[in-house]
Amino acid sequence: MSTQSDNQTAAAGNRSSGWVVFVFFMIGLVASIISGWVAFPKLLYSTKQQPIDFNHQVHLEQMGGQCNACHFFREDGSFSGSPTLEECKSCHMYPMTGNENEQKFIDEYVNQDKEVPWLIYAEQPPCVFFSHAAHVRGADMQCATCHGDIKNSTSLREYQENRLTGYSRDIWGKSMLRLGEPDHGGRRQKMNDCAECHLKETGSKGNCFQCHK
Amino acid sequence: MKIDRRCFLSLVIGGAVGTTLTPVPWKLTDDIAIWSQNWPWTPVPEDGPSKFVKSVCTQCPGGCGITVRTIGDRAIKIEGQPDHPVNNGSLCPRAISATQHLYGPSRIQGPMKRAGERGQGKWEKISWDEAIKTVTEKLAELRTRGKPHTVACISDTDGNGSSYLMDRFLQAYGSPNFIRTPSSADAQELALYLSCGRQGTIGYDFRKADFILSFGCALMDGCDTAGQVMSAFGEQDKKTRLVQIEARLSDTAAKAAQWVPAKPGSETALALGLGHVIVRDGLYNKAFIDNHGFAFEDWQDDAGNTHPGYRSLVQDHSPDKVAKATGLSEKVIESLARSFARAHRPVAVSGLGSAAPDSLDQALAVFALNALAGNFQKPGGVFLIDEPDYLSWTEMKIDKTASAGNQHPRVDGAGSEKFAHTRYLPNRLPEAINSAKGDSPVQALLVAGGNPLYTLADPRAAQKAFEKIPFIVSFSTFIDETAEQADLLLPHPHFLESYQDVPTPRGMAHTVVSLARPVVKPQYDTRHMADVVIQIAKNLGGFIENAFPWKNYEDFLRKSLSDQWKTLEKKGFWSDSRSRDTSLDKIFRTSSQRFEFFPMSKFAAMNGNGNKKAGVEKIELPGNIDKLPLVLVPYTSMRISDGAVANTPFMTKTLDANVVLENDVFVEINPKTASEYGLSQGDKATVKTQAGRAEVRVNLFEGIMPGLVAMPAGLGRTGFSDYIAGKGANVYSLIAPAADPASGLNAAWGARAAIAKA
Ligand code: SF4
């Protein structure tokens with residue numbers, strides 16, 4: 001018949017020692033931190049290329065330096081966004097340069113009468129109402145303030161798509177912690193980012209229904 | 001070293017702790033939220049350039065101009081057309097939410113024929129060719145058998161191009177049975193015809209009038225006139241005094257300067273009582289009556305018999321008697337009469353937009369007040385608007401079969417010796433069919449608008465009659481209560497998908513014609529009913545074909561409207577205020593060429609009827625007063641569509657929880673009456689009338705006179721979709737028709753009722 005203390009000793013002998021437990025804890029901790037910081041972003045975002053490369057700088061020179069030559073306001077004040085095939089065709093019905101991207105555009109889109117499926121870096125979910133007119137015309141803001149210096153870019157950045165939501169990484173921001181501004185020089189564009197800027201510029205974050213109609 | 005369960009657990013705990021130190025949980029939470037907002041079945045607004053298309057709402061006779069914002073081929077938003085003469089930008093919830101019907105599940109998606117029993121809801125898709133062939137063959141067969149007059153057509157209007165083509169088809173084919181569904185317009189039009197000799201509508205210059213005396217009109221409650229009246233009252237610094245006579249504190253009453261709660265059914269007596277005071281005190285417009293009035297004083301007919309005039313008629317309606325009939329004090333009656341007579345630009349209005357019909361005598365008595373004031377064809381007064389003449393009707397020849405068919409008396413009895421001046425008697429149709437011996441007098445029925453199995457008083461009797469009709473075709477856009485009982489469905493496009501001319505809405509003080517036009521492409525395999533009828537006429541051949549020299553409805557409209565078409569295309573409407581300039585000498589086309597206080601033609605008709613009295617007819621509600629001690633009255637609400645087409649789901653959502661709660665409709669009862677029956681707020685109860693019963697809930701309302709039970713019209717649908725059907729009960733199914741002896745029209749303004757706690 002064993003005593004109580006015998007029992008305890010036997011139990012301790014059967015268990016792993018404290019440091020082993022601690023090591024396992026640390027392995028779990030470090031492994032998850034590494035995978036959370038390194039593997040997770042890689043997994044979450046897929047990298048895509050735009051269907052054709054596009055040189056904003058060259059186009060801007062040709063169009064008199066005006067963004068609104070292609071990204072214009074419609075008569076009703078709504079914003080046209082990316083140009084449609086129809087609009088591109090008004091110059092590029094036939095090749096104007098020897099550029100391979102232009103050739104690709106004509107072969108694959110103009111000749112086949114297909115819209116170019118541009119990947120939109122700043123696309124917001126459909127539940128968001130955003131008025132370019134209020135910002136560009138009303139508040140006199142520059143395109144670059146939010147979209148970065150696209151004007152002087154000579155080719156299109158790669159597009160990182162969130163596999164879960166389908167939206168561009170630009171909206172959240174490059175940094176997983178939402179620190180700093182995105183690489184492209186514009187702004188992060190999640191709801192809190194809008195609110196933050198509105199608070200600074202207008203003194204109020206605004207009301208829900210202003211953006212969610 | 002021993003590795004055991006504890007090690008494994010610490011690994012997991014370490015992992016969990018570590019994970020919280022990474023962006024994983026925080027980022028994923030955010031992303032999952034966004035992912036869930038973008039599930040593929042979540043509706044997403046179209047993106048692209050907007051277009052604004054001017055059109056007109058045809059969902060009620062109101063004729064409000066609309067502007068539809070479209071993106072691509074999608075109608076996004078409907079707003080009031082700001083410069084439209086009818087509504088000036090205002091709009092009711094029915095139009096605002098009309099896209100829900102356009103894209104909703106109640107649409108009939110293509111021609112279909114019945115596959116099961118009637119009403120079973122089993123349909124088989126067919127082609128348009130087969131559908132049109134089926135109708136053509138049936139009609140050809142009836143014609144060969146010498147029975148073209150057994151074909152009838154029901155429509156909700158007789159004023160626009162497509163109803164004209166329907167009527168024209170019947171005439172060319174050989175049937176007199178074009179029937180318009182009932183509305184509060186019926187008695188008004190007849191009163192106008194009898195007293196002024198004109199077929200058309202009565203226009204009121206609401207914008208300029210300074211005193212509007214409304215006899216229970218749903219001016220701001222229902223559709224019909226909502227657009228005009230809201231825009232008239234929306235004008236700033238308006239000094240118009242609106243007085244609402246109504247047993248219930250409706251929205252119109254609430255917005256009025258004065259609310260006069262008179263017993264329902266006593267409006268005729270009140271109008272004559274006001275006339276009594278005005279005549280007694282000599283406050284009437286003598287110049288107008290001397291120059292343009294007839295039968296104000298007693299008069300003699302051609303045979304030398306003397307008949308009482310208006311003065312003698314109102315003699316009987318002294319304030320003390322009227323006070324008893326109406327429940328108002330003599331003082332109120334006296335002062336009302338005086339304020340009306342002393343106003344500069346007063347109008348007295350009845351029968352606009354109300355859920356319950358007026359009697360002919362009420363329409364005449366109220367209209368006569370305008371003649372006492374002599375305010376015809378003047379700013380702020382009454383204008384007589386003729387039936388539309390903008391469509392240049394072309395003559396047609398008909399064959400012998402057709403002319404023999406057209407000679408037959410109408411199946412509803414309208415235009416017969418008894419009801420010589422009444423054009424349509426839809427409420428008599430069920431009775432005519434149900435009481436016929438042998439075959440039904442209607443062998444084929446074309447339902448080209450309206451929804452009679454919902455809107456007719458006592459739809460159960462109508463249902464019984466429909467069961468006896470061997471062949472029923474519905475042109476409805478939606479699977480409504482009537483379409484459910486049809487044999488063949490030939491769906492007409494939604495009003496945002498097709499052309500439709502809209503004549504001057506009732507109440508408008510000048511001519512306004514609007515054009516509804518295709519705003520989006522047809523969503524389904526639908527065809528304009530007028531196109532279908534033109535095709536059937538062509539298939540039948542001969543004189544019938546020749547009566548339709550148009551390719552289709554659009555061709556017909558373009559040719560008929562010629563010059564005006566361009567204006568309609570551009571502006572969406574065309575208005576003509578020439579109708580306002582007509583001098584008083586020319587406006588009355590009665591045999592006396594004057595305004596007839598006692599219409600001779602009414603007298604002649606009643607004479608034929610063996611009724612020589614000049615007095616007014618009281619409409620008695622059927623039912624035993626001991627067993628049914630209360631009175632059920634229907635009411636209209638802007639948020640409930642009481643017409644052929646049901647509410648949109650959005651409209652039902654806007655109803656307060658004391659109007660509809662889940663599937664129950666509330667009836668309004670004065671707390672005093674409720675306590676007599678032991679009812680408290682929210683109680684479930686049963687309302688019983690001679691025509692039927694309904695399960696309801698009780699809403700205690702100080703704004704309704706004791707002894708009444710008020711129930712909204714427009715609920716209790718069985719058709720349409722699951723989002724719409726099954727809410728509340730249909731008040732019309734509780735109110736059996738009561739024929740107005742003077743016109744034959746239904747004048748049942750309510751029903752005797754009982755209520756008991758369920
Ligand atoms: S009042 Fe009638 S016509 Fe006017 S918007 Fe409403 S439903 Fe349409």
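So you know, we letter chains A, B, ... as the sequences are listed, proteins then strands, and number each from 1.
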Legend entry - Donor-acceptor under 3.5 Å (Arg6(B) side chain, Val20(A) main chain): no
Inset, instruction - Report the C-alpha distance between Asp30(B) and Trp172(A) in whole Å, list the side-chain angles of each, state the deciding distance to 0.1 Å, and finish with yes or no for side chain to side chain contact (heavy atoms under 4.5 Å, CB included). - result: CA-CA 10 Å; Asp30(B) 191 272; Trp172(A) 174 273; 3.6 Å; yes
Inset, instruction - Write down the atom of Pro23(B), the atom of Met176(A), and the distance for their closest heavy-atom approach. - result: CG-CB, 3.5 Å
Legend entry - Nearest heavy-atom neighbours spanning Val21(A) and Ser10(B): CG1-OG, 3.0 Å
Inset, instruction - Using a strict cut-off of less than 4.0 Å between a Lys/Arg side-chain nitrogen and an Asp/Glu carboxylate oxygen, indicate whether Asp76(A) and Arg69(B) qualify as a salt bridge. - result: no
Legend entry - Region of Ile32(B) that comes under 4.5 Å of a non-hydrogen atom in chain A: both
Inset, instruction - Tell me, with the steps shown, if Ile13(B) and Phe25(A) meet side chain to side chain contact (heavy atoms under 4.5 Å, CB included). - result: CA-CA 7 Å; Ile13(B) 293 169; Phe25(A) 177 82; 3.7 Å; yes
Legend entry - Sub-4.5 Å side-chain heavy-atom contact between Pro126(A) and Thr42(B): no
Legend entry - Region of Asp31(B) that comes under 4.5 Å of a non-hydrogen atom in chain A: both
Inset, instruction - Tell me, for Ile34(A) versus chain B, whether the close heavy atoms (under 4.5 Å) come from the side chain, the backbone, both or neither. - result: neither
Legend entry - CG (Asn207(A)) with more than 12 external heavy atoms under 6.0 Å: yes
Inset, instruction - List the atom of Thr19(B), the atom of Ser32(A), and the distance in Å for their closest heavy-atom pair. - result: N-OG, 3.3 Å
Inset, instruction - Check whether more than 12 heavy atoms from other residues, nucleotides or ligands sit under 6.0 Å from atom CZ of Phe79(A), and answer yes or no. - result: yes
Inset, instruction - Check whether more than 12 heavy atoms from other residues, nucleotides or ligands sit under 6.0 Å from atom CG of Asp722(B), and answer yes or no. - result: no
Inset, instruction - State whether the number of non-hydrogen atoms from other residues, nucleotides or ligands found under 6.0 Å of Lys48(A) atom NZ is greater than 12. - result: no
Legend entry - Contact class of Met26(A) relative to chain B, heavy atoms under 4.5 angstrom: neither
Legend entry - Rounded distance [0.5 Å steps], CG in Asn38(B) versus OH in Tyr167(A): 3.5 Å
Inset, instruction - First locate atom CG of Leu164(A), then atom CH2 of Trp35(B), and finally report the distance between them rounded to the nearest 0.5 Å. - result: 7.0 Å
Legend entry - Ile34(B) vs Lys190(A), side chain to side chain contact (heavy atoms under 4.5 Å, CB included): CA-CA, chis, key distance, verdict: CA-CA 11 Å; Ile34(B) 297 173; Lys190(A) 282 198 57 82; 3.4 Å; yes
Inset, instruction - Would you check, one step at a time, whether the test side chain to side chain contact (heavy atoms under 4.5 Å, CB included) holds for Leu28(B) with Phe40(A)? - result: CA-CA 10 Å; Leu28(B) 277 183; Phe40(A) 172 66; 3.9 Å; yes
Legend entry - N/O donor-acceptor pair under 3.5 Å between Trp26(B) side chain and Leu177(A) backbone: no
Legend entry - Lys255(B) atom NZ, over 12 foreign heavy atoms within 6.0 Å: yes
Legend entry - Exercise: identify the closest heavy-atom pair between Ile33(A) and Gly18(B): CG1-O, 3.6 Å
Legend entry - CD/Glu108(A): more than 12 non-hydrogen atoms of other groups inside 6.0 Å: yes
Inset, instruction - Check the surroundings of atom OH in Tyr524(B): do more than 12 heavy atoms from other residues, nucleotides or ligands lie under 6.0 Å from it? - result: yes
Legend entry - Segment of Phe22(A) engaging chain B (4.5 angstrom heavy-atom cut-off): neither
Inset, instruction - To the nearest 0.5 Å, tell me how far Lys27(B) NZ sits from Arg178(A) CZ. - result: 8.5 Å
Inset, instruction - Decide if atom CD of Glu75(A) counts as having more than 12 heavy atoms of other residues, nucleotides or ligands within a radius under 6.0 Å. - result: no
